[in-house]
Amino acid sequence: MPDPVNLLEYEALARQALSGPAFDYFAAGAGAEITVRENRGAFDDLRLRPRVLVPVGRRDQSITLLGRSLPSPLVVAPIAFQRMAHPDGEVATARACASAGIVFVASTVATTGLEEIAAASAGPKWFQLYVFKDRGVTRSLVERAEAAGYEALQVTADVPVMGRREADVRNCFSLPEGLTVKNLENAGHGCMVSDGVESGPSLYTRYLFDPDLSWRDVEWLRSITRLPVLVKGVLRGDDADRAISHGAAGVVVSNHGGRQLDTVIPTVRALPEVVNAVAGRGVVLVDGGVRRGTDVLKALALGANAVQVGRPVLWGLAVAGETGVTRVLSLLREEFDNAMALCGCPTIGHITRDLIAGRVAHLQ
Ligand SMILES: Cc1cc2nc3c(=O)[nH]c(=O)nc-3n(C[C@H](O)[C@H](O)[C@H](O)COP(=O)(O)O)c2cc1C
């Protein structure tokens, strides 16, 4: 098969490189996967209104996010179990991000320890936090992330219980032999296996993650760390407002890539309401279905400060390790650069709502 020319083409190659259950785990959405499809469909349905005769010979996609200058508005979303995609796993992804200056978000349930990832890559890194019932375990994760140089936390709010990913149920999915939830090994929670009825991740979540997590815990997190806290998994303006009033530095508009509750609103449709509610008091990121440079431009036009990319990074990792991730990230950056030029946007500041056709209000 020739080299992929866009992110979508990586998926077929990754399917060939992975075992059936591994591919299924990575690709799966909840239920009938309607939200998985609509995350993409909602981007595809937006039409652009480019400006012409704007000098775009010099283009700059750099941004400032949480006080740090970054060369592009891309962030690699937290993704579990990356060593199941490639033996180099999280280290390969983090290194590819570091070379591109792109923020890498390490998952709580990574298959590489957060310290090992930090030691292997010098780029900007954030830590994604699942809050355990055992607050001692949770606190220790936060302290370790802070000590290892992670610059922000994303607390995931949309997993009080695991969504019903039917592929994983069918496969009785377990982490393959030899892989563990590295960050939790010392706490005795490194193992993630199915009991033959329920998938490993579902069991793990049910036993260990706190289903009673509330806004008060956002304040608690704020009180135990100096890192900015972003709430990941927000789909409504009123929740975004709560996040900010409980001390969050921002939100990630996310439906977990359609993996939690099927038929929830596609993220790019939820975005304008959230942006309006946050009203500049914090940062707004969005993920779910970002596959094209035009998707990045559309998300920014609707007010996102940056976008996160999930599965395509995994597909690049599965196909060619660090090189594959580098290629995926540079393809997306090139496409975004092309979209900026063709929309008359020499800088990020030129990407405004009027680039989207139709009334943005109807998206809400
Ligand atoms: C295989 C896989 C594992 C994921 N693991 C995590 C995780 O550990 N923590 C988390 O907050 N989100 C996790 N997510 C959700 C992503 O961070 C992100 O919200 C989603 O993948 C974005 O959608 P996209 O894959 O369509 O780009 C995972 C997603 C996938 C596909």
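The structure displayed is predicted, hence computed values, not measured ones. Numbering of ligands and ligand atoms starts at 1, following listing order.
Other residues, nucleotides and ligands contribute over 12 non-hydrogen atoms within 6.0 Å of the CG atom of N6. Atom CZ of R59 sits in a crowded spot, with more than 12 heavy atoms from other residues, nucleotides or ligands closer than 6.0 Å. Remark: R236 CZ is loosely packed, at most 12 non-hydrogen atoms of other residues, nucleotides or ligands lying under 6.0 Å away.
Numbered from 1 in the order shown, with element, the atoms of ligand 1 that lie under 4.0 Å from a heavy atom of S107 read 7 (C), 8 (O). Atom numbering of ligand 1 starts at 1 in the shown order; those under 4.0 Å from a heavy atom of S254 are 19 (O). In summary, the atoms of ligand 1 found under 4.0 Å from a heavy atom of Y25, numbered by their order in the structure, are 1 (C), 3 (C). Heavy-atom proximity to G288, at under 4.0 Å, picks out these atoms of ligand 1: 22 (C), 23 (O), 26 (O). For ligand 1 and G289, the ligand atoms under 4.0 Å from any heavy atom of the residue are 24 (P), 26 (O), 27 (O). Each of the following atoms of ligand 1 lies closer than 4.0 Å to a heavy atom of F26: 1 (C), 31 (C). Using a 4.0 Å cut-off to heavy atoms of V109, the atoms of ligand 1 that qualify are 8 (O).
Of the heavy atoms in T156, only side-chain atoms (C-beta onward) come closer than 4.0 Å to ligand 1. Of the heavy atoms in Q128, only side-chain atoms (C-beta onward) come closer than 4.0 Å to ligand 1.
The protein non-hydrogen atom at the shortest distance from atom 21 (O) of ligand 1 is G310 CA, 3.8 Å. Protein heavy atom at the shortest distance from atom 28 (C) of ligand 1 is P78 O, 3.7 Å. The protein non-hydrogen atom at the shortest distance from atom 18 (C) of ligand 1 is D287 OD2, 3.3 Å.
Among Q82, Q154, R165, K232, the residue whose heavy atom lies nearest to atom 12 (N) of ligand 1 is K232. Nearest to atom 1 (C) of ligand 1 by heavy atom, out of R311, R259, Q260, is R259.
The aromatic rings of F209 and Y204 lie perpendicular to each other, with more than 60° between the two planes, well past the 30° mark. Between Y150 and F127, the ring-plane angle classifies as perpendicular under the 30° and 60° cut-offs.
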- Message: Is there a side-chain hydrogen bond (donor to acceptor under 3.5 Å, both in side chains) between T111 and E90? Walk through the geometry before answering.
- Response: CA-CA 7 Å; T111 38; E90 290 84 1; 3.0 Å; yes
- Please step through side-chain hydrogen bond (donor to acceptor under 3.5 Å, both in side chains) for the pair Q260 and R164, ending with a clear verdict. CA-CA 7 Å; Q260 281 299 97; R164 284 189 59 83; over 6 Å; no
- Test side-chain hydrogen bond (donor to acceptor under 3.5 Å, both in side chains) applied to T294 and E335, step by step: CA-CA 7 Å; T294 44; E335 283 187 19; 5.9 Å; no
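Contact annotation: the side chain of V103 never approaches that of C97 to less than 4.5 Å [non-hydrogen atoms, C-beta and beyond].
Ionic pairing of R144 and E115 is present here: one or more N-O contacts between side-chain nitrogen and carboxylate oxygen are shorter than 4.0 angstrom. In this structure, R281 pairs ionically with D241, as a charged nitrogen and a carboxylate oxygen lie closer than 4.0 Å.
Using a 4.0 Å cutoff on heavy atoms, R291 counts as a contact of ligand 1. Residue I79 places a heavy atom under 4.0 Å from ligand 1. Heavy-atom distances between Y130 and ligand 1 reach below 4.0 Å in at least one pair.
The shortest N or O to N or O distance between L314 and ligand 1 is not under 3.5 Å. Ligand 1 has a nitrogen or oxygen under 3.5 angstrom from a nitrogen or oxygen of A80.
In this structure, M340 and T347 approach most closely via the heavy-atom pair CE-C, 3.6 Å.
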